[in-house]
Structure formats: structure tokens, C-alpha cells
Novice: 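Here it is, the structure in full.
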2 protein chains.
Amino acid sequence: MDRRSDCPVACSLDVLGDKWSLLIIRDMGYYGKSTFKDFEKSEEGIATNILSNRLKKMMDHGIIHKEQSESNKLVYHYSLTKKGVDLAAPIIGLSRWAVKYIPEVNDIFNIK
Amino acid sequence: MDRRSDCPVACSLDVLGDKWSLLIIRDMGYYGKSTFKDFEKSEEGIATNILSNRLKKMMDHGIIHKEQSESNKLVYHYSLTKKGVDLAAPIIGLSRWAVKYIPEVNDIFNIK
DNA sequence: CGGGATCCGTCTTGATACTG
DNA sequence: CAGTATCAAGACGGATCCCG
């Protein structure tokens with residue numbers, strides 16, 4: 001569903017408004033993960049078809065970039081584009097909020 | 001689905017990781033909307049069952065609060081709790097990102 | 001009329017098996 | 001390793017109905 005709104009919040013949520021996209025960004029930006037298997041192994045347990053779908057969607061939107069490994073042609077590395085790197089701010093915002101208000105979370109990013 | 005992760009990003013996305021929750025927060029915080037009908041009339045067009053579900057969910061999580069109107073007993077006003085108000089930061093983060101990277105959006109919040 | 005609840009068809013997810 | 005295929009279950013969207 002695309003809402004075709006011109007609101008910046010609605011537009012960003014059209015791309016990122018689901019349970020997985022921002023987690024994949026987190027994995028790439030904070031944990032340094034880059035391969036399909038890496039993302040698949042994250043503790044939250046994304047299904048491979050959903051992972052595949054989200055990677056494709058974020059590539060279409062220029063948030064991430066895919067390239068073949070030079071050492072092993074069977075492996076692909078995903079990385080953040082500048083557009084993807086700049087999602088750090090909203091992600092950190094969410095993280096700060098959770099640390100402040102959700103008791104169970106660990107402040108694993110040690111954000112000031 | 002609850003992932004039972006202790007990551008602050010994952011935990012906040014368990015509550016807010018969908019296309020509508022943050023838009024309702026936006027409507028309350030930025031547009032000053034407060035009634036069911038107000039939210040329903042937003043340009044993105046949320047269905048009433050979904051709206052009802054999201055309001056309930058965010059009330060359960062203490063993000064919003066509901067009270068009966070004093071002037072009209074048929075009307076209920078939803079408002080942000082402190083926990084909800086503090087979602088402004090991540091929402092502004094998303095908004096800034098969209099303004100920077102998505103050409104079609106209007107910078108309706110005029111965020112510096 | 002405002003605030004939902006209910007029903008129903010469709011689209012999306014999630015779990016797992018399977019393939020190049 | 002990096003996905004695709006399959007299929008059941010659930011979420012969503014739209015319309016309608018109900019209730020005070």
C-alpha cells in the first residue's frame with residue numbers, strides 16, 4: 001500500500017514502517033553485519049522470504065547497496081548507502097525512547 | 001508477534017513498527033487532533049477497525065490516554081502521555097530524513 | 001452524530017522446505 | 001550461501017452495522 005501522501009513522516013513509513021526494515025539497518029550500521037546469513041542469524045529471527053523482500057525493497061529505495069564478494073563469488077555483501085547511514089538518527093531516537101520507557105531493554109548502544 | 005528481544009530498537013518496533021501508529025502520534029502531537037473522527041479523516045485514510053486497534057494498543061502501552069469530553073459526553077479525547085510526547089524525537093528524525101532524501105515530500109514541519 | 005464492532009475478501013507474514 | 005516456493009495464519013482494508 002502506498003499512501004502517496006506528501007507528509008515526510010508518512011513517506012518514510014511507507015518505506016520503513018514495518019517490524020524488520022530498521023532492524024536490518026541496525027544490523028548493518030551497528031553490528032557490522034553484511035551477508036544474508038548474518039541478518040538471518042539475528043536474535044529476532046526473520047524469515048528468509050521476508051528478509052529477501054526487505055532487502056529488495058530497501059535496494060529499490062537506494063537505502064542499501066549489494067555487491068559480490070571478491071574473495072568468494074557465492075557471497076554478497078550488503079552495505080548502507082549515505083541515505084541508509086543517515087537513518088542512524090531516527091534509529092537512535094527510537095533507541096533512546098525505548099531505554100527511557102521500556103524497562104526490559106538493555107542500553108546496548110550506550111547512547112548518551 | 002513479540003520478539004522478546006532486549007534490543008531497544010526491536011522493542012520500540014514491537015510497539016510502533018507498523019504503518020499507522022506513528023502517524024496517529026503525529027496527528028495528536030503536531031496537528032492537535034484528538035477524536036476518533038479526527039484521526040479517521042487524516043489524508044492517509046486509516047480504516048476504522050485498524051484505528052481502533054492501534055488506539056487500544058498504544059493505550060495499553062501507556063503512550064496515549066483517553067478521556068471523555070466534558071462538553072459532550074459522546075466524544076472522547078485522546079492525548080499523548082509523556083511517553084507519547086517523547087516520541088517527537090524519533091518522528092522528527094524520520095521527518096528530517098524524508099525531507100533530505102525523498103523528493104516528493106513537503107517539509108510541512110519546517111524542521112531545522 | 002461520534003465511536004466503535006463485525007463481517008468478509010484480500011494482501012502480507014511467518015515457518016519451513018527446497019533449489020541454483 | 002543466498003535466496004525462491006509453498007502454504008497456512010494472521011493482518012489489513014472497506015463496508016456496514018450497532019449502540020448511546
Side-chain angles (χ1 to χ4, degrees), chain A residues 1-5 10 13-25 27-28 31-61 63-80, chain B residues 1-5 10 13-25 27-28 31-61 63-80:
Chain A
M1 186 257 309
D2 261 12
R3 275 169 306 215
R4 219 171 289 284
S5 159
L13 290 177
D14 270 342
V15 187
L16 304 164
D18 68 84
K19 286 197 183 293
W20 298 109
S21 300
L22 287 177
L23 285 183
I24 297 170
I25 306 287
D27 281 351
M28 296 176 78
Y31 291 118
K33 297 184 178 180
S34 69
T35 70
F36 195 94
K37 259 292 185 275
D38 285 340
F39 304 131
E40 195 185 344
K41 284 184 299 188
S42 279
E43 63 168 337
E44 289 89 7
I46 188 171
T48 59
N49 56 344
I50 304 295
L51 174 55
S52 172
N53 174 286
R54 294 302 187 277
L55 289 171
K56 214 164 290 172
K57 182 172 183 181
M58 290 194 289
M59 278 193 289
D60 289 345
H61 285 275
I63 293 170
I64 64 178
H65 171 249
K66 173 187 187 175
E67 65 189 329
Q68 202 168 33
S69 168
E70 304 210 349
S71 52
N72 181 349
K73 296 291 187 189
L74 291 178
V75 172
Y76 294 87
H77 290 288
Y78 294 89
S79 58
L80 296 170
Chain B
M1 190 257 306
D2 263 10
R3 277 169 304 213
R4 218 172 289 284
S5 160
L13 290 176
D14 269 342
V15 186
L16 304 165
D18 68 84
K19 286 195 183 294
W20 297 109
S21 299
L22 288 177
L23 284 183
I24 297 170
I25 306 287
D27 282 351
M28 297 176 79
Y31 292 117
K33 297 184 179 179
S34 69
T35 69
F36 195 95
K37 267 289 187 275
D38 285 340
F39 304 129
E40 195 185 344
K41 284 183 299 191
S42 278
E43 65 169 334
E44 289 89 6
I46 188 171
T48 61
N49 55 346
I50 306 293
L51 174 55
S52 173
N53 174 288
R54 293 303 185 278
L55 289 171
K56 215 164 290 172
K57 181 172 183 181
M58 290 195 288
M59 278 193 289
D60 289 345
H61 285 275
I63 293 170
I64 64 178
H65 171 250
K66 173 186 188 177
E67 63 189 331
Q68 203 168 32
S69 167
E70 305 209 349
S71 53
N72 180 350
K73 297 290 186 186
L74 291 179
V75 173
Y76 294 88
H77 290 288
Y78 294 89
S79 59
L80 296 170

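Here is the naming used below: chain letters follow the sequence lines, and residue numbers restart at 1 for every chain.
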Novice: Would you mind classifying the nucleic acid contact of B:Lys66 as base, sugar-phosphate or nothing, using non-hydrogen atoms under 4.0 angstrom?
Specialist: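 Sugar-phosphate only.
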Novice: Just the rounded figure in Å: distance from P of C:dC11 to CD1 of A:Ile50.
Specialist: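 Computing the A:Ile50:CD1 to C:dC11:P distance gives 16 Å.
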Novice: Give the rounded distance in Å between these two atoms: CZ of B:Phe39 and P of C:dG4.
Specialist: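 The answer, rounded to whole Å, is 10 Å.
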Novice: Determine whether B:Ser42 and B:Lys33 satisfy the following criterion, side-chain contact (heavy atoms from CB on, under 4.5 Å), listing intermediate values before the conclusion.
Specialist: CA-CA 9 Å; B:Ser42 278; B:Lys33 297 184 179 179; 2.8 Å; yes
Novice: Are any of A:Lys41's side-chain N or O atoms less than 4.0 Å away from OP1 or OP2 of D:dC1?
Specialist: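 For D:dC1, neither OP1 nor OP2 has a side-chain N or O of A:Lys41 closer than 4.0 Å.
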Novice: May I have the distance from A:Ile24 (atom CD1) to C:dT13 (atom P), rounded to whole angstrom?
Specialist: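 Rounding to the nearest Å, CD1 of A:Ile24 and P of C:dT13 are 12 Å apart.
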Novice: Under 4.0 Å: is that the gap between some side-chain N or O of A:Lys73 and OP1 or OP2 of C:dG20?
Specialist: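 The answer is no; no side-chain N or O of A:Lys73 sits under 4.0 Å from OP1 or OP2.
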Novice: May I have the distance from B:Leu55 (atom CG) to C:dG2 (atom P), rounded to whole angstrom?
Specialist: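 Result: 16 Å.
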Novice: Taking atom C1' of C:dC11 as reference, at what distance in whole Å does atom NZ of A:Lys57 sit?
Specialist: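 Rounded to the whole Å, the gap is 13 Å.
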Novice: How long is the line joining CD of A:Glu40 and P of C:dA15, in whole Å?
Specialist: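 Rounded to the whole Å, the gap is 12 Å.
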Novice: Within this structure, what is the NZ-to-C1' distance between B:Lys37 and D:dG20, rounded to whole angstrom?
Specialist: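 To the nearest whole Å, that distance equals 14 Å.
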Novice: The side chain of B:Thr35 is closest to which nucleotide in this list: D:dT4, D:dG13, C:dG3?
Specialist: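 Of all the options, the side chain of B:Thr35 is nearest to C:dG3.
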Novice: Go nucleotide by nucleotide along DNA chain C from the 5' end; which of B:Asp38 and A:Asp18 gets its closest nucleotide reached first?
Specialist: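 Its nearest nucleotide being more 5', the pick is B:Asp38.
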Novice: Quick check: do A:Leu55 and A:Phe36 have side-chain heavy atoms less than 4.5 Å from each other?
Specialist: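 Side chain of A:Leu55 against side chain of A:Phe36, heavy atoms only: contact under 4.5 Å found.
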Novice: Kindly indicate, with the supporting measurements, whether the criterion side-chain contact (heavy atoms from CB on, under 4.5 Å) is fulfilled by A:His77 and A:Thr35.
Specialist: CA-CA 5 Å; A:His77 290 288; A:Thr35 70; 3.8 Å; yes
Novice: Starting at the 5' end of DNA chain D and moving along, which residue's nearest nucleotide shows up first, A:Asn53 or B:Ile46?
Specialist: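 First, find each residue's nearest nucleotide; the 5'-ward one identifies A:Asn53.
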Novice: Output the distance between atom NZ (A:Lys57) and atom CG (A:Asp14), rounded to the nearest 0.5 Å.
Specialist: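 Interatomic distance, A:Lys57 NZ to A:Asp14 CG, rounded to 0.5 Å: 7.0 Å.
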Novice: From C-beta outward on A:Val75, which listed nucleotide comes closest to its side chain: C:dT13, D:dA2, D:dG14?
Specialist: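 So the nucleotide nearest the side chain must be D:dA2.
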Novice: Select base, sugar-phosphate, or nothing to describe what B:Leu74 touches, counting heavy atoms under 4.0 Å on all strands.
Specialist: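 Touches a base.
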Novice: When you check the phosphate oxygens OP1 and OP2 of D:dC1, does a side-chain N or O of A:Tyr78 lie under 4.0 Å from one of them?
Specialist: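 No, outside the criterion.
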Novice: What are the two closest non-hydrogen atoms of A:Leu80 and A:Met28, and how far apart are they?
Specialist: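 Looking at all heavy atoms of both residues, the shortest contact is N-CE, 3.6 Å.
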Novice: When you check the phosphate oxygens OP1 and OP2 of D:dG20, does a side-chain N or O of B:Tyr76 lie under 4.0 Å from one of them?
Specialist: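 Answer is no, no contact under 4.0 Å.
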Novice: Below 4.0 angstrom from OP1 or OP2 of C:dG14, is there any side-chain N or O of A:Trp20?
Specialist: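 Yes, A:Trp20 has a side-chain N/O under 4.0 Å of OP1/OP2 on C:dG14.
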Novice: Closest approach to the side chain of A:Thr48, judged atom by atom: which nucleotide of C:dT16, D:dG13, C:dG2 is it?
Specialist: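 Side chain of A:Thr48 sits closest to C:dT16.
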Novice: Which one, D:dC12, C:dA15, C:dG4, comes nearest to the side chain of A:Asn49?
Specialist: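 Nearest listed nucleotide: C:dA15.
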Novice: According to a strict under-4.0 Å criterion, is B:Ser52 in side-chain N/O contact with OP1 or OP2 of C:dA5?
Specialist: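 For C:dA5, OP1 or OP2 has a side-chain N or O of B:Ser52 closer than 4.0 Å.
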Novice: Provide, to the nearest angstrom, the distance between the CG atom belonging to A:Asp14 and the C1' atom belonging to C:dC11.
Specialist: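 Rounded to whole Å, this separation is 16 Å.
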Novice: Would you call A:Ile24 and A:Leu51 a side-chain contact if the rule is heavy atoms closer than 4.5 Å?
Specialist: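 A side-chain contact under 4.5 Å exists here.
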